[in-house]
There are 2 protein chains.
Amino acid sequence: MSIKYGQTCPISKAAEVLGERWTLLILRELLLGTSRFNDFQRALSQISPSLLTKRLGQLTDAGLVIKKKTTDKRSEYFLTPAGRELEPIMIGLGKWGSRWARGQMSGDELDVEMVMYDLCRRIDADALPACRNVIHFVVRGAARLTHWWIVVDPDKRELCVNNPGHEDDLTITTNARILNEVWAGDVRLEDAIGGGRFELKGSSVLTQSISAWLRRGMFADVRPAREGDCR
Amino acid sequence: MSIKYGQTCPISKAAEVLGERWTLLILRELLLGTSRFNDFQRALSQISPSLLTKRLGQLTDAGLVIKKKTTDKRSEYFLTPAGRELEPIMIGLGKWGSRWARGQMSGDELDVEMVMYDLCRRIDADALPACRNVIHFVVRGAARLTHWWIVVDPDKRELCVNNPGHEDDLTITTNARILNEVWAGDVRLEDAIGGGRFELKGSSVLTQSISAWLRRGMFADVRPAREGDCR
DNA sequence: CGGTATCCCCCGCGATACTG
DNA sequence: CAGTATCGCGGGGGATACCG
């Protein structure tokens, strides 16, 4: 069972549902369209399977999530209307976090998996040639995996940690910190490329249009607050 | 130290700051103007002093709260601009909770202390006679205390658990559940009075104007969601 | 792939007492 | 009033194995 505060206050009730570890991040993923168990694990790389099961169950019990079986017996999770109504709040949290909680992260906890998963999801296929595009990331200093491939076909996309067997159209070499900083909006993509911290090798079409198709995290454009930024 | 998710995502960073037990409720109180340690304890009746200390410290470290010493050596806590910018999010949470998370609470966990504290804070002194008004609450079925007095002077107000020694102008007799339901907006004040579940005895001026000066919780007017209320 | 089951450890937290 | 200090426990949750 979940937290109880013993208060009738609506904020208290909301906090009972939302205030447990990982819950807000699971909701973030649901809002972004993640629906399958393994995709949650990919996006929340440090969560354990048992805890993920538990949280999804709690969210289901609370009426924010509904579980559906596909025809081929796989499970999918979706937000109910109650869950979807949290979207403006989650966006508010993201903007707030971007302004006020951009903490420095120590090198060894940089989560490459989540960033790669999100980059893949957010790539703009319409800004790419209308054929198969294979983008190979070489990420130095990653906790576990150094090589990632994003395969974008006109109608589907896939993130691979093993060589998918097609020829790479573009190879991007960088390190975990720069990757995170670019994704989060701390560093502009052009600056990272110009400074040699984000090397591109391969198709010149892809290279020249990269800032069009490689979209950063959704809060990358929120201006961080500075000293004296208070009204 | 607080939760770490190991992600650069702004929602994740926000969740690290806000996602621990009691933190959202402490912020609620700060937004409502609570500034002193004992007042937090009153409003969050189930929190332990050590945990309250810890959370206030974490919020201070995170830059949401600032601690000030008054001239007479007492401590007060206030929100920084970063903390104040959470207000729309907290209001969103309250509205969402009011619509989707009005859970039934079992009788023995009805928090009378928090409700009395909030009722006192929200009483509209301008709708009362411009003199001292003493309102005595008799709350049956309360976990600990049955008698409460709210003393409203034109320029200050006070919540007492011992008879303040002035004559009562109005005595309100009810029980913990009705008190919570009225405060939360589940039951209309007039209906509770009409149904005899909220007895008034004393000044007829106060009795007749009660719905003007006894303001309910701030989310009492949010319409709860019903079946079929989804778009 | 999509989970459940089990074990066990650690620490978050409640309770209580005490201090300036 | 405004905390700090200490102690002890319970269960949250990590790790791992296993099942359909």
Side-chain angles (χ1 to χ4, degrees), chain A residues 1-6 15-16 18-26 29-30 34-61 65-78 109 111 117 143-144 158-162, chain B residues 1-6 15-16 19-26 29-30 34-60 65-78 109 111 117 143-144 158-162:
Chain A
M1 80 178 187
S2 42
I3 311 176
K4 288 288 164 198
Y5 292 115
E16 289 181 357
L18 308 174
E20 279 186 297
R21 223 179 135 125
W22 290 109
T23 299
L24 285 171
L25 301 199
I26 292 171
E29 288 308 311
L30 284 161
T34 299
S35 66
R36 303 222 322 253
F37 196 86
N38 280 6
D39 286 335
F40 286 106
Q41 288 198 287
R42 197 155 303 144
L44 315 169
S45 49
Q46 312 214 10
I47 200 174
S48 68
S50 44
L51 188 53
L52 178 56
T53 301
K54 180 175 181 183
R55 288 288 181 266
L56 286 169
Q58 289 174 317
L59 287 171
T60 305
D61 292 343
V65 164
I66 185 169
K67 180 177 183 173
K68 290 183 182 167
K69 294 268 183 193
T70 59
T71 51
D72 54 337
K73 293 215 169 194
R74 303 163 105 188
S75 294
E76 291 191 302
Y77 299 89
F78 299 99
E109 57 177 340
D111 190 341
Y117 178 69
R144 296 171 47 246
E158 203 172 0
L159 176 66
C160 312
V161 295
N162 296 308
Chain B
M1 81 179 187
S2 43
I3 311 175
K4 288 289 165 197
Y5 292 115
E16 288 181 357
E20 278 186 299
R21 223 180 149 165
W22 290 109
T23 299
L24 284 171
L25 302 199
I26 292 171
E29 287 309 310
L30 285 160
T34 299
S35 65
R36 300 216 329 248
F37 196 87
N38 279 5
D39 286 335
F40 287 106
Q41 288 199 287
R42 203 157 355 244
L44 315 170
S45 50
Q46 313 214 9
I47 199 173
S48 68
S50 43
L51 188 52
L52 178 56
T53 301
K54 180 175 182 184
R55 289 288 181 267
L56 286 170
Q58 289 173 317
L59 286 171
T60 305
V65 164
I66 184 169
K67 180 176 183 175
K68 289 182 182 169
K69 294 267 183 192
T70 58
T71 50
D72 53 337
K73 293 217 170 189
R74 304 162 105 189
S75 294
E76 291 192 300
Y77 300 88
F78 299 99
E109 57 177 339
D111 189 341
Y117 179 69
R144 296 172 48 247
E158 202 173 359
L159 176 65
C160 312
V161 295
N162 297 309

Test item: side-chain donor near acceptor, A/Ser45 and A/Asp111, under 3.5 Å: yes
Distance in angstrom units between B/Leu52 CG and D/dA2 C1', rounded: 10 Å
Just how far, in rounded Å, is C1' of C/dG2 from CG of A/Leu56? 11 Å
Phosphate-side-chain proximity, A/Lys67 and C/dG3, N/O vs OP1/OP2 below 4.0 Å: yes
For B/Ile47 and D/dA2, what is the distance between atoms CD1 and P respectively, to the nearest whole Å? 15 Å
Tell me: CZ of A/Arg55 to C1' of D/dG14, nearest whole Å? 13 Å
Earlier contact from the 5' end, DNA chain D, for B/Phe37 and A/Leu51: B/Phe37
Output yes when a side-chain donor or acceptor of A/Arg55 lies under 3.5 Å from a complementary backbone atom of A/Arg21, and no otherwise. yes
Please check if the side chain of A/Glu16 supplies one atom and the backbone of A/Ser2 the other of a donor-acceptor pair under 3.5 Å. no
Whole-Å distance separating the CZ atom of A/Arg36 from the C1' atom of C/dC1: 8 Å
How close or far is atom P of D/dT6 from atom NZ of B/Lys54, stated in whole angstroms? 16 Å
Counting only side-chain nitrogens and oxygens, does A/Ser75 get under 4.0 Å of the OP1 or OP2 atom of C/dG3? yes
Can you tell which of D/dC1, D/dG12, C/dG14 lies closest to the side chain of B/Arg74? D/dC1
Over all strands shown, is A/Phe40 touching base, sugar-phosphate only, or nothing at heavy-atom distances under 4.0 angstrom? nothing
Can you name the closest pair of heavy atoms from B/Tyr77 and B/Phe40 and give their distance? CD1-CE1, 4.1 Å
Side-chain N or O of A/Arg21 closer than 4.0 Å to phosphate OP1/OP2 of D/dG12: no
Is a donor-acceptor pair below 3.5 Å formed from side chain B/Thr53 to base D/dA2, judging by atom type as modelled? no
Between D/dG3, D/dG14, C/dG3, which nucleotide gets closest to the side-chain atoms of A/Ser48? D/dG14
Whether the side chain of A/Thr23 engages the backbone of A/Gly19 through a donor-acceptor N/O pair (distance < 3.5 Å, no angle test) should be reported. no
Figure out the CD1/P separation between B/Ile3 and D/dG12, and round it to whole Å. 14 Å
Rounded interatomic separation in angstrom, taking CG from B/Leu44 and C1' from D/dG3: 16 Å
Identify which nucleotide among C/dG2, C/dT16, D/dG14 has an atom closest to any side-chain atom of A/Trp22, counting heavy atoms from C-beta outward. D/dG14
